[in-house]
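On a predicted model such as this, the values are computed, not experimentally measured, just so you know. In what follows, chains carry the letters A, B, and so on, assigned in the order in which the sequence lines appear, proteins first and then strands, with residues in each chain numbered from 1.
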Amino acid sequence: MNIQNVLETKVKEAVSTLFKAELPSVEFQPTRKDFEGDITIVVFPMLRVVKGNPVQIGNDIGAYLVAQVEEIIGFNVIKGFLNLVISDAYYLADFKTIDANTTFGHVAPDTANAVMVEYSSPNTNKPLHLGHIRNNLLGYSVAEILKASGKKVYKTQIINDRGIHICKSMLAWQKFGKGETPEGAGLKGDKLVGNYYVAFDKAYKEEVATLIANGTAKEVAEKEAPILVEAQQMLLKWEAGDEDVVALWKTMNQWVYAGFEVTYKNLGVDFDTLYYESDTYLLGKDVVAAGLEKGVFFKKEDGSVWIDLTDEGLDEKIVLRSDGTAVYMTQDIGTAIQRVKDHPDVSGMVYTVGNEQDYHFKVLFLILKKLGFSWSENLFHLSYGMVDLPSGKMKSREGTVVDADDLMQDMTTTAGEISQELGKLEDYSADEKQDLYKMIGLGALKYYILKVDPKKRILFNPEESVDFQGNTGPFIQYTYARIQSILRKADELKLNGFDGLKELHAKEKELIKQLQGYPETIQLAAANYSPALVANYTYDLVKEFNSFYQNVSILGEEDAAKKAFRVQLSKKVSDVIQSSFKLLGIEVPQRM
RNA sequence: GGUGGCAUAGCUCAGCUGGAUAGAGCACCUGCCUUCUAAGCAGGCGGUCCUAGGUUCGAAUCCUAGUGCCAUCACCA
């Protein structure tokens with residue numbers, strides 16, 4: 001029983017009885033802290049159907065509600081705002097309901113309709129960096145939030161394991177590598193391969209410079225540099241299935257996968273199903289052929305195939321080259337269809353890809369819609385802003401990237417330094433400490449990134465370390481740890497229940513109100529694909545708890561029922577912290 | 001140039017379908033550890049919500065125009 005639903009009915013009833021008017025809807029908002037009351041009804045919108053003085057109308061409705069609704073025990077009207085005071089009994093009863101619900105906030109999954117969430121999808125020619133971290137955290141968290149909101153979810157990624165960029169790393173390794181291996185070099189496989197990608201670029205630039213110095217035009221030099229031509233030939237060999245090239249490709253990709261595996265594990269993300277571009281890059285051509293017959297696409301004189309999207313305010317877009325080879329769009333069409341074939345219960349997909357590809361996905365979704373797939377109605381591009389450095393964009397080839405592994409390590413180290421300064425964990429073993437530092441460091445990093453609206457660009461300054469105080473992951477983890485400390489002590493006290501409790505402290509009431517908002521927050525976050533809403537909700541909850549904690553004695557309370565209630569309230573708060581942080585992929589510690 | 005996104009305190013960000021005096025954190029300044037963990041709490045300072053119009057009883061929020069930053073508009077990925 002939701003009090004707001006009851007009130008909505010009763011307010012409409014009041015307006016009907018008192019003013020003989022039909023109210024289409026009632027506008028609620030939480031009462032501001034400066035005024036007395038718990039829920040506020042805005043009177044202004046009613047003036048459309050009820051003529052009169054808003055204050056008088058508010059007073060009449062308030063009196064009606066107090067008389068008719070047991071939970072309403074008082075009211076006041078300020079300007080056009082009707083502030084209702086709700087009884088402690090209601091909040092206590094509602095807390096009991098919430099407390100008894102072990103999956104509070106979560107909705108059981110609708111197994112008939114699944115949604116596939118794609119994220120990460122890296123190229124296999126270089127290590128993951130901070131940009132990938134944002135992508136991974138967002139995709140993972142949105143997947144978890146969708147699950148909690150009642151969706152069946154498949155997490156997936158498409159590994160971009162083929163193409164010219166991969167051949168560049170391979171060729172550079174062949175030329176300069178002298179048989180170097182990750183084991184031999186003591187390097188993570190992705191790092192090693194990334195080094196050769198950089199080496200290729202260096203050699204390429206040198207060749208271009210030499211050509212230009214010898215009188216070749218810049219455009220020509222950039223196209224004809226021997227090492228680039230060689231890489232292109234290697235790609236052709238790969239496509240033709242050349243044994244040596246394919247063997248090298250497999251070897252180097254394995255190195256990269258092993259490296260990624262470590263990074264993903266440290267980041268705490270996972271996938272249910274994987275796609276490889278090398279398997280899917282030929283998909284889509286037959287769909288284009290079929291779409292051509294249906295008239296969705298048209299063919300130009302040179303044989304290339306296009307779609308005309310000018311009616312939608314977009315341009316014409318190519319889907320097949322004149323030589324019959326696929327472009328990225330073709331692959332994406334084919335891959336989407338393949339995914340539904342592989343997972344017939346999928347009725348929607350989420351693509352976690354940076355906002356530089358907004359146009360691409362707009363077109364892709366339109367094409368799939370025009371091709372008539374039912375699930376094309378439920379495609380969403382989880383578009384996010386770039387992570388930039390004070391110096392500008394991160395560029396792998398120029399080495400101006402913040403490496404994912406390094407960053408996680410730095411965060412862990414910083415967490416360790418702060419923790420040691422505070423010196424609260426002297427009895428922890430070295431391993432326990434290390435696990436905790438990692439938990440806190442990653443908590444700081446993940447929260448820092450996820451609390452920001454995905455649409456917004458993030459400016460990351462490596463010089464200024466991510467905060468550990470205020471609106472941060474560690475602050476929330478700390479609150480959780482504090483509650484665990486109380487619960488450990490409370491265990492020994494053998495507390496009884498709090499059935500006899502009649503009254504609430506103002507801070508307790510605020511906490512219950514905050515808890516009540518959790519289910520709605522999950523739904524809202526799912527509808528908006530926004531972990532930031534979960535992060536901000538958790539912060540508000542924790543802030544409220546800390547105020548309670550520092551103003552009200554819990555274990556020191558004499559009244560047994562009050563004490564038991566406060567312990568239980570604290571426990572539920574910590575449960576929700578743990579639950580919401582899980583949606584963000586952040587762990588919570590027993591102590592810190 | 002066309003299209004899309006963003007613009008709120010010195011800095012980093014909240015602000016739900018339009019509602020009361022626009023909120024947090026960091027930084028700066030005051031208090032609070034013989035009491036459940038001070039990574040905390042209580043308080044202070046700090047705002048032309050990019051600009052100009054419009055809609056409305058009411059606009060940071062919606063509409064229009066403009067400014068700034070970013071992205072995108074390839075038989076590239």
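Put simply, Tyr549(A) does not rest on the base of G40(B): the two rings are not both less than 5.5 Å apart at their centres and under 30° in tilt. Using a 5.5 Å limit on the distance between ring centres and a 30° limit on the angle between planes, the aromatic ring of Phe44(A) counts as stacked on the six-membered base ring of G19(B).
Comparing A20(B), A39(B), U37(B) against the side chain of Ala481(A) picks out U37(B) as the nearest. When the nucleotides A14(B), G5(B), C36(B) are ranked by their closest atom to the side chain of Lys456(A), A14(B) comes out on top. Taking the side chain of Lys507(A) as heavy atoms from C-beta on, and the options C36(B), A77(B), A42(B), the nearest nucleotide is A42(B). When distances run from any side-chain atom of Ile418(A) to the nucleotides G25(B), A20(B), A39(B), the shortest one goes to A39(B). Taking every side-chain heavy atom of Gln29(A) into account, G19(B) is the closest of U37(B), A24(B), G19(B). Comparing A14(B), C41(B), C36(B) against the side chain of Asn551(A) picks out C41(B) as the nearest. Between C36(B), A39(B), G25(B), one nucleotide has an atom nearer to the side chain of Lys543(A) than all others, and that is G25(B).
If you check C57(B) for Watson-Crick or wobble pairing at under 3.5 angstrom, you find it paired to G19(B). If you check C36(B) for Watson-Crick or wobble pairing at under 3.5 angstrom, you find it has no partner at all. The base-pairing partner of U64(B), taking Watson-Crick or G-U wobble contacts with both distances under 3.5 Å, is A52(B).
Rounded to the nearest Å, the gap between the P atom of U21(B) and that of A42(B) is 24 Å. Using C1' as the reference atom, G46(B) and G10(B) are 9 Å apart when rounded to the nearest Å.
Lys223(A) and Glu219(A) are not joined by a salt bridge, as no carboxylate oxygen comes within less than 4.0 angstrom of a charged side-chain nitrogen.
Look at Ser553(A) and you won't find any side-chain N or O under 4.0 angstrom from OP1 or OP2 of C36(B). Contact between the side-chain N/O atoms of Arg321(A) and the OP1/OP2 oxygens of C76(B) is found at a separation under 4.0 Å. The shortest distance between the side-chain N/O atoms of Lys489(A) and the OP1/OP2 oxygens of U37(B) is below 4.0 Å. For the OP1/OP2 pair of G15(B) and a distance below 4.0 Å, the side-chain nitrogens and oxygens of Arg32(A) include no atom meeting the criterion. When the side-chain nitrogen and oxygen atoms of Arg48(A) are compared with OP1 and OP2 of U56(B), none of them lie within a distance under 4.0 Å. For G23(B), the OP1/OP2 oxygens have no side-chain nitrogen or oxygen of Lys33(A) closer than 4.0 Å. Close to A38(B), at under 4.0 Å from its OP1 or OP2, lies no side-chain N or O of Lys424(A). Remark: Ser419(A) is not in phosphate contact with A39(B), judged by side-chain N or O atoms under 4.0 Å from OP1 or OP2. Applying the 4.0 Å criterion to OP1 and OP2 of A39(B), one finds that Tyr478(A) has a side-chain N or O inside that range.
Sequence order on RNA chain B of the closest nucleotides to Asn471(A) and Asp315(A) puts Asn471(A) first from the 5' end. Toward the 5' end of RNA chain B, the nearer of the two residues Leu320(A) and Leu533(A), judged by each one's closest nucleotide, is Leu533(A).
Scanning atom types as modelled, no donor and acceptor separated by under 3.5 angstrom connect the side chain of Ser547(A) and the base of A42(B).
Using a 4.0 Å cutoff on non-hydrogen atoms, the parts of residues 435-446 of chain A near RNA chain B are Ile440(A), ordered by number.
At least one donor-acceptor pair under 3.5 Å links the side chain of Thr352(A) to the backbone N or O of Glu118(A).
Figure legend: cation-pi geometry between Lys299(A) and Trp306(A) absent, as NZ or CZ is not positioned both under 6.0 Å from the six-membered ring centre and within 45° of its axis.
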